[in-house]
**Student:** 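Below you will find the structure I want to go over with you.
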Number of protein chains: 2
Amino acid sequence: MIKLTYAEENYLKAIYELTEAGKRSTSTNDISTWMKIKPASVSDMLRKLGEKTVIDYRKYYGVHITEEGKKLALRTIRKHRLWEVFLVEKLRFSWDEVAEVADELEHVQSPTLIQRLDEYLGFPKFDPHGDPIPDEFGDVRSRPRVPLNEIELDGTGQIVAVKDSSAAFLRYLDKVGAYIGARIKVLEKVEFDGSIEILVDNKKTIFMSKDVAGNILVIQ
Amino acid sequence: MIKLTYAEENYLKAIYELTEAGKRSTSTNDISTWMKIKPASVSDMLRKLGEKTVIDYRKYYGVHITEEGKKLALRTIRKHRLWEVFLVEKLRFSWDEVAEVADELEHVQSPTLIQRLDEYLGFPKFDPHGDPIPDEFGDVRSRPRVPLNEIELDGTGQIVAVKDSSAAFLRYLDKVGAYIGARIKVLEKVEFDGSIEILVDNKKTIFMSKDVAGNILVIQ
DNA sequence: TTTTTATTTTAGCCTTATCTAAAAAGAACA
DNA sequence: TGTTCTTTTTAGATAAGGCTAAAATAAAAA
Ligand SMILES: [Mn+2]
Ligand SMILES: [Mn+2]
Ligand SMILES: [Mn+2]
Ligand SMILES: [Mn+2]
């Protein structure tokens, strides 16, 4: 069985996230930028992860994650997202505060702990940011999601995720009254700048720029 | 503000536990034995903890914990015990399974997390082993506890802690039907070997050796 | 009070994970 | 197809935390 250190788990999770977002491979510099670790350090770690067969690494040509690696990355992501649910649902954290703490909790080693936590939370399928929680076998059921600015006039849906999950953006959404789970209806679409007006939970109307709307994902 | 690494937190907690148990100072070898780390490594760490002013360290003469160090040790102990309560009360862990996981969780850095966890658990005062949980200022209220073998014939009490908290001993207690919180009455004391018979929760009788009874602590 | 034993520290080595600076390789351009 | 620019790797350093073996010190015994 392959054993990973905390640092290795962080790299592998980053590589998984970077490669699942469309492209099948990622580069030393991408990982460096994403993780805020210098390229030289990334190179060295890639060599080590390659030796542990969790990634395919050809010097100068970027990395692909292996099946083994994917399984391990998904295990960490599962833990991260379950802890996020715990923090929000049980400890009343707001959804912009959880990432940092979950980045630590995700490394705690105890299969029983995660299994029981999952059960305790009622086997949630999505985390507070709307991202799917892999099951214990690494299977992920994702929902087809559309950026809010692409919903037609009078169209309805439910906010399930954000593209930009920076604390600043999340706080902004909280302030204007948008949140994961909110039922929305598009009341107006302004032609010339793409800004929109939406109705939230049949109660409150919000105006937002095309840029903001493009970072909000909904299911219809 | 003094920042400690995970390893330093573990050492400081060990030193606190070793010095609170009666004596006011402890030795390199004691720490080495307790933590299962070689004396040479302990020496080196004591030098570093001394430089950080969390212990008083005079080479060859053992260590005392400082006020600053005590505060930090109690913070870690508080986190450890709160997580133990969480694992037992919310995730149905048995009390002999929690120590290992709590030894990891106790290092997660987030004041909000601990505050909220405390609140979520209903501000518990004792952990599953009967040990007191320090408040956020490091204050501990302990109960006067007596070894079960010192309770007189027909005396009653409540099991609140164990001296030996090895998994083996805890499992043995579980098996015979003793547990933290159990109301007990001493039904018989055998003169020649000190073994006793007790009644648990007015339901079940248990025989135990003097050795076992001496490791069980009760309040009267 | 000297000698022996036990404890503790130091010296030197290893691994992990980071960094900066320099070298090498690949990609883009002329 | 060279030449230049960008990306990536290597080399060498540092810090944390562990180890073994050897040296130093304190405690116990003779
Ligand atoms: Mn992490
Ligand atoms: Mn998330
Ligand atoms: Mn610990
Ligand atoms: Mn405990």
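Each chain gets a letter, A, B and so on, in the order the sequences are listed, and its residues count up from 1. In this text, all values refer to a predicted model and were calculated from it rather than measured experimentally. For the numbers below, each heavy atom of this structure counts, side chains included, while hydrogens, waters and symmetry mates do not.
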**Student:** Separation of Glu51(A) atom CD from dA17(C) atom P, in whole Å?
**Tutor:** 13 Å
**Student:** Which nucleotide sits closest to the side chain of Met45(B): dT8(C), dG17(D), dT8(D)?
**Tutor:**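 Nearest nucleotide to the side chain: dG17(D).
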**Student:** Would Lys90(B) count as a cation-pi partner of Tyr120(B), with NZ or CZ less than 6.0 Å from the six-membered ring centre and within 45° of the ring normal?
**Tutor:** yes
**Student:** If I take atom CD1 in residue Ile31(A) and atom P in nucleotide dT8(D), what distance separates them, rounded to the nearest angstrom?
**Tutor:** 9 Å
**Student:** Can you tell me the distance, in whole Å, between the CG atom of Asp30(A) and the C1' atom of dT6(D)?
**Tutor:**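 One finds 14 Å between C1' of dT6(D) and CG of Asp30(A), rounded.
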**Student:** Looking at dT7(D), I'd like to know if its phosphate oxygens (OP1 or OP2) sit under 4.0 Å from a side-chain N or O belonging to Ser27(A).
**Tutor:** no
**Student:** In whole angstrom, what separates Leu49(B)'s CG from dG17(D)'s P?
**Tutor:** 9 Å
**Student:** Could you tell me whether Lys71(A) atom NZ has more than 12 heavy atoms of other residues or ligands within 6.0 Å of it?
**Tutor:** no
**Student:** If you restrict it to nitrogen or oxygen atoms, what contacts under 3.5 Å exist between nucleotides 9-11 of chain C and the protein, and what is each distance?
**Tutor:**
| unit_1 | atom_1 | unit_2 | atom_2 | d |
| --- | --- | --- | --- | --- |
| dT9(C) | OP1 | Tyr57(B) | OH | 2.5 |
| dT9(C) | OP1 | Tyr60(B) | N | 2.9 |
| dT9(C) | OP2 | Thr28(B) | OG1 | 2.8 |
| dT9(C) | OP2 | Ser43(B) | OG | 2.4 |
| dT9(C) | OP2 | Tyr57(B) | OH | 3.4 |
| dT9(C) | O5' | Ser43(B) | OG | 3.3 |
| dT10(C) | OP1 | Lys59(B) | NZ | 2.5 |

**Student:** Whole angstroms only, please: what is the NE2-C1' distance between His107(B) and dA16(D)?
**Tutor:**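 Atom-to-atom, His107(B) to dA16(D), this comes out as 15 Å.
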**Student:** Tell me what Tyr11(B) touches on the nucleic acid: a base, only sugar-phosphate, or nothing, going by heavy atoms under 4.0 Å.
**Tutor:**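 It contacts sugar-phosphate atoms only.
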**Student:** Looking at Asn29(B), I'd like to know whether one of its side-chain N or O atoms comes within less than 4.0 Å of OP1 or OP2 on dA6(C).
**Tutor:** no
**Student:** Let me know the distance between CG of Asn10(B) and C1' of dG18(D), rounded to the nearest Å.
**Tutor:**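 Computing the Asn10(B):CG to dG18(D):C1' distance gives 14 Å.
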**Student:** Using the six-membered ring of Phe93(A), assess whether NZ or CZ of Arg116(B) lies under 6.0 Å from its centre and within 45 degrees of the ring axis.
**Tutor:**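 Because its charged atom sits under 6.0 Å from the ring centre and within 45° of the axis, Arg116(B) does stack over Phe93(A).
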**Student:** Does the ring centre of Tyr11(B) sit less than 6.0 Å away from the ring centre of Tyr16(B)?
**Tutor:**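 Centroid separation for Tyr16(B) and Tyr11(B): 6.0 Å or greater.
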**Student:** Can a salt bridge be assigned to the pair Arg81(A) and Glu106(A) using a cut-off of 4.0 Å between side-chain N and carboxylate O?
**Tutor:**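 Judged by the 4.0 Å cut-off on N to carboxylate O distance, Arg81(A) and Glu106(A) do not form a salt bridge.
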**Student:** Could you state the atom-to-atom distance from CG of Leu4(A) to P of dA17(C) in whole Å?
**Tutor:** 10 Å
**Student:** Nearest whole angstrom, please: distance from the P of dT14(D) to the NZ of Lys38(A).
**Tutor:**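 In whole Å, dT14(D) P and Lys38(A) NZ are 18 Å from each other.
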**Student:** Identify the heavy atoms of Glu68(A) and Met1(A) that sit nearest to each other, and give their distance.
**Tutor:** OE2-CE, 4.4 Å
**Student:** Is any side-chain nitrogen or oxygen of Lys48(B) closer than 4.0 Å to OP1 or OP2 of dA15(D)?
**Tutor:** no
**Student:** Before giving the answer on salt bridge (charged side-chain N to carboxylate O under 4.0 Å, His left out), spell out for Asp135(A) and Arg78(A) the whole-Å C-alpha distance, their side-chain angles and the decisive distance to 0.1 Å.
**Tutor:** CA-CA 7 Å; Asp135(A) 68 21; Arg78(A) 170 173 161 77; over 6 Å; no
**Student:** Report the end-to-end axis angle of the helix from dT1(C)-dA30(D) to dA30(C)-dT1(D); each axis comes from five terminal pairs, and the value is rounded to 10°.
**Tutor:**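 Taking the rotation axis at each end, their angle is 10°.
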**Student:** Taking 4.0 angstrom as the limit, do Asp44(B) and Arg47(B) come out as a salt bridge?
**Tutor:**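 Looking at Asp44(B) and Arg47(B), the cut-off is met.
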**Student:** Any chance the side chains of Trp95(A) and Asp174(A) put a donor and an acceptor closer than 3.5 Å?
**Tutor:** yes
